[in-house]
Amino acid sequence: MSPFRRRSRQHSGRRPSVRDVTPRTHWLLLATLVLTLSAALLLQGYSRHMFDSTADGAVQAQGPDTAVPDAIVEGGPVIDGSAARTAAPAARTIALTFDDGPDPVWTPKVLDVLRRHHVKATFFTVGTRVAEHPELARRIVAEGHQIGVHSYTHTNLGQSPAWRRSLELRQTQLAIVGATGVTTPLMRPPYSSSNGALTDADWQAVQDAGHEGYLTVLTTLDSEDWKRPGTDRIVARSTPEGTAGQIVLMHDAGGDRSQTVAALERLLPRLQAAGFRFATVGEAVALPAAERPAVAADQWQGRALVTAVRSTDWTLDVITWLLWAAGAISLLRAIAVFAAARRHVRLRRRGPWGAPVTEPVSVIVPAYNESAGIEAAVRSLVASDHPVEVIVVDDGSTDGTADLVEALALPGVRVIRQLNAGKPAALNTGIAAATNELLVMVDGDTVFEPDAVRMIVQPFADPAVGAVSGNAKVVNRGGLLGRWQHIEYVVGFNLDRRLFDLAECMPTVPGAVGAFRRSALLRVGGVGDTTLAEDTDLTMALCRAGWRVVYEERAKAWTEAPASLGALWKQRYRWCYGTLQAMWKHRGAFVQRGQAGKLGRRGLIYLLLFQVLLPLLAPIVDVFAVYGLVFLDPVRIVGLWFAFLVLQLLLGLYAFRLDGERPGPLWSMPLQQFVYRQLMYLVVIQSVYTAVAGSRLRWQRMERYGSLPPQPGPQGTQPREASGTS
């Protein structure tokens, strides 16, 4: 919603062109977006932040090994865990194995060396990396090498619960299928080594893998290339001492593998010359079919997984950039608003607008069923210290509003009755009946300070000023909802108005307290009825006609705010939707010159950025915050939120000081960020959807609560706060 907007009441009368529409599809779309984004971030978080990057050969905690059968401990390195059987490579056969890939830098270099020496090997791949680089997995298979499973996130399967072990194997298999179209029965647990190093937990993982159809492949020679001990050491560690078949462990990922590549260039020809042959694991132990084409269903699932992982990478990159941009412009906005407020204060202290404006003022009060507050409003106007005539335009009220005003018999107050036609028509009736050039428009539930009329017309000493925005303040601030709206009016609306004043691009003179030149209104055709935000529409029309619109913070008026979430939703929905209508109607200001160009290239861009685009990002920000708490550094996430809150509190303290308000309500600002802010963002989302869908929002009238005092408070003081309005 627009933080500068003041309430412009709409009456219950409806024009024939307006139809009632209750859109629902957008909530389904929003829920789908949030759920899809949540699923994508969950996959991204699991793939990236559950990843264990500890090297395979690093020392792991050892547990008991009493459950491991002797036949397994003393058997070959290829194990069928479901049957407790093993197999070993044939004599003078070496199966080179590479773990942790594929890696975009080192896997191609390893493959190039193997191809030059006509050697086939086995690559135990990590699922997340296969999904990131499916083209490398395809190259491995296409060049005749064997591919195997090395878990999805390189986790220690022996220390993982059964559900995660199954998930890790299944997801890696799907990634391989999605990238290559084949399935593999070979699996190597991360952090495994030889048969003799198996613990009871490791053996349980081997058995579980066997029941899922996997053969576990351990090693007989560890090159220890993960330590990067030097090329000579890697070659020595990979060279057999006898003629027994071997399964050699190397790595094609996990860091700088230049020593591994260099060692291969020396090791392969040396062993070939010594009479050893190189083979894949499947060939070395004579497996009948190590790889098979995947069934169609698995291929589709695998491709979906690969696509999802790659999409989440792209999505996270986009979100990260958007959040950085949003954070940067939000910080710049806070700095700009603060600087503008300070300058605005200095400018106002320099002196009056010009010669004092003393001419009489016509005050127009459009009223529809305003019996709850009309007496207090009219009495406050009559008590003004400036000469006024008060014109109450009763727009077909059914609660005796007009009779009540007439019964007061207050001097200078007249009532005009008309059939219900809506607020714009009531205002135009008042404009036509006014006898003075200077007009003040006020809602029927608003109480003016005694000096408010005098203060709000002083800027008209400048002949370039066509309209003046006053300072609307919330009177019913007794509960949380009232406090939050009070904070919003003081910190959001009024600070923004100071910025708009300096930039000469004020988009809204609020319907609750605004002043106008009658001649300027007539020049733009009076108050329009083509939007639900007639005050914003009128203000923009005046700017485009070349008039300057300013803010006079000393002109204070007290008004009722919605006292329930339902009433607040309806009000802000109409405000926001009406503002979007006005922005679209006056989009031509972007290319105009002079005052109109300032509105277009300053005011409308500001509204588009901070009142439309940033709120639309709110669900993404919230989902990403949860993602950060779960998968990133929660201390950092909480710290960022706290820093943002401190910035808001400091800005709030400054705004409250400028408005002469006690800072007590600011204690509720942290809770406001969790509840009120979400409601306002949802309002913007629904408003944008309604606008894009071409729907029309029905006219609405806010419920009155009668919380205004019967008499205005003394000049410079606040009326009594109403209770029970939260």
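Hydrogens, waters and symmetry mates play no part in the numbers below; they use all other heavy atoms, side chains included.
Here the side chain of Asp535 pairs a donor or acceptor atom with the backbone of Gly511 at under 3.5 angstrom. Remark: side-chain polar atoms of Arg602 are paired, donor with acceptor, to backbone N or O of Ala503 under 3.5 angstrom. In this structure, the side chain of Ser469 does not engage the main chain of Tyr551 through any donor-acceptor pair within 3.5 Å. Remark: side-chain polar atoms of Arg517 are paired, donor with acceptor, to backbone N or O of Phe460 under 3.5 angstrom. Side chain of Asn471 to backbone of Lys556: no donor-acceptor contact under 3.5 angstrom is found. Although no hydrogens or angles enter the test, the distance criterion places no donor-acceptor pair under 3.5 Å between the side chain of Gln458 and the main chain of Pro352. Counting only distance, with no hydrogens or angles, the side chain of Asn428 and the backbone of Val527 share a donor-acceptor pair below 3.5 Å. Between the side chain of Arg601 and the backbone N or O of Gln592 there is at least one donor-acceptor pair closer than 3.5 Å. Gln648 places no side-chain N or O within donor-acceptor distance of the main-chain N or O of Met669, the cut-off being under 3.5 Å. At least one donor-acceptor pair closer than 3.5 Å links the side chain of His386 to the backbone N or O of Glu359.
Taking the six-membered ring for Trp and the full ring otherwise, His344 and Phe500 have centroids separated by 6.0 Å or more.
Side-chain N/O atoms of Gln485 and Tyr676 include no donor and acceptor closer than 3.5 Å. Side-chain contact annotation: Glu449 with Trp558, donor-acceptor N/O pair under 3.5 Å present. At a cut-off of 3.5 Å, with distance as the only test, no side-chain donor of Thr579 or Gln611 sits close to an acceptor on the other residue.
In terms of heavy atoms, Ile456 sits closest to Ala555 at CB-CB, 3.6 Å. Of all heavy-atom pairs between Thr446 and Ala557, the closest is CG2-CB, 3.5 Å. Closest heavy-atom contact between Gln678 and Phe674: CG-O, 2.9 Å. The minimum heavy-atom distance linking Leu502 with Ala340 is given by the pair CD1-O, 3.1 Å. For Val683 against Cys576, the heavy-atom pair with the smallest separation is CG1-CB, 4.0 Å. Scanning all heavy atoms of the two residues, the minimum distance from Val447 to Ala377 falls at CG2-N, 4.2 Å.
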Report task. Check step by step if side chain to side chain donor-acceptor pair (under 3.5 Å) holds for Thr531 and Tyr577. Result -> CA-CA 9 Å; Thr531 74; Tyr577 182 75; over 6 Å; no
Report task. Could you check Val365 against Asp443 for side-chain contact (heavy atoms from CB on, under 4.5 Å), going step by step and ending with a plain yes or no? Result -> CA-CA 6 Å; Val365 186; Asp443 286 331; over 6 Å; no
Report task. Before giving the answer on side-chain contact (heavy atoms from CB on, under 4.5 Å), spell out for Arg498 and Arg343 the whole-Å C-alpha distance, their side-chain angles and the decisive distance to 0.1 Å. Result -> CA-CA 9 Å; Arg498 295 175 189 271; Arg343 185 180 177 191; over 6 Å; no
Report task. Starting from the C-alpha separation in whole Å, work towards a yes-or-no answer on side chain to side chain donor-acceptor pair (under 3.5 Å) for Arg333 and Tyr606. Result -> CA-CA 9 Å; Arg333 172 186 176 273; Tyr606 185 94; 2.8 Å; yes
Query - salt bridge (charged side-chain N to carboxylate O under 4.0 Å, His left out) between Asp395 and Lys423, intermediate numbers included - result: CA-CA 8 Å; Asp395 191 43; Lys423 184 178 180 181; over 6 Å; no
Query raised in the report: Under the side-chain contact (heavy atoms from CB on, under 4.5 Å) criterion, do Arg523 and Leu542 qualify, and how do the steps go?
Result: CA-CA 9 Å; Arg523 188 180 304 177; Leu542 290 172; over 6 Å; no
**Report entry** Trace of the salt bridge (charged side-chain N to carboxylate O under 4.0 Å, His left out) decision for Lys473 with Glu661
**Finding:** CA-CA 10 Å; Lys473 306 185 78 62; Glu661 295 282 356; 2.8 Å; yes
Query - Pair Leu532-Gln581, side-chain contact (heavy atoms from CB on, under 4.5 Å): steps then yes or no - result: CA-CA 8 Å; Leu532 296 187; Gln581 288 179 308; 3.8 Å; yes
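The existence of a salt bridge linking Arg548 and Asp501 is confirmed by a sub-4.0 Å separation between a basic side-chain nitrogen and an acidic carboxylate oxygen. Classification of Glu437 and Arg518 as a salt-bridged pair fails, no side-chain N sitting under 4.0 Å from a carboxylate O.
More than 12 non-hydrogen atoms from other residues, nucleotides or ligands lie less than 6.0 angstrom from CZ of Arg587. Residue Phe590 qualifies as enclosed at atom CZ: its count of foreign heavy atoms under 6.0 Å is above 12. Remark: Arg349 CZ is loosely packed, at most 12 non-hydrogen atoms of other residues, nucleotides or ligands lying under 6.0 Å away.
Once rounded to the nearest 0.5 Å, the distance linking CE of Met680 with CH2 of Trp484 reads 10.0 Å. Taken to the nearest 0.5 Å, the CG atom of Leu322 stands 10.0 Å off from the CG atom of Leu614. One distance of note links NZ of Lys570 with CG of Leu565; it measures 12.5 Å at 0.5 Å rounding. Atom CD of Gln672 is separated from atom CG of Leu481 by 10.0 Å, given to the nearest 0.5 angstrom. Atom CG of residue Leu427 and atom CG of residue Asp529 lie 11.0 Å apart, to the nearest 0.5 angstrom. Separating the CD1 atom in Ile391 from the CG atom in Leu439 is a distance of 8.0 Å, to the nearest 0.5 Å.
By the 4.5 Å heavy-atom criterion applied to side chains, Val468 and Phe516 are not counted as neighbours. Annotation: side chain of Leu647 is in contact with side chain of Leu331 (closest heavy-atom distance under 4.5 Å). Looking at heavy atoms from C-beta onward, Gln595 lies out of side-chain contact with Trp547 at the 4.5 angstrom threshold. With a 4.5 Å cut-off on side-chain heavy atoms, Val442 and Ile364 do not count as touching. Contact of the Ile637 side chain with the Tyr627 side chain is not registered, since no non-hydrogen atoms from C-beta on lie closer than 4.5 Å. Two residues are said to be in side-chain contact when any heavy atoms from C-beta on lie closer than 4.5 Å; Thr435 and Ser362 meet this criterion. The shortest distance between side-chain heavy atoms of Phe644 and Gln673 falls below 4.5 Å. Looking only at side-chain heavy atoms (C-beta outward), Val465 and Asp462 come within less than 4.5 Å of each other.
The one candidate from Val509, Leu607, Thr508 that meets the side-chain contact (heavy atoms from CB on, under 4.5 Å) condition with Thr536 is Thr508. Considering Arg677, Arg483, Arg572 in turn, Arg572 is the only one that fulfils the side chain to side chain donor-acceptor pair (under 3.5 Å) rule with Glu488.
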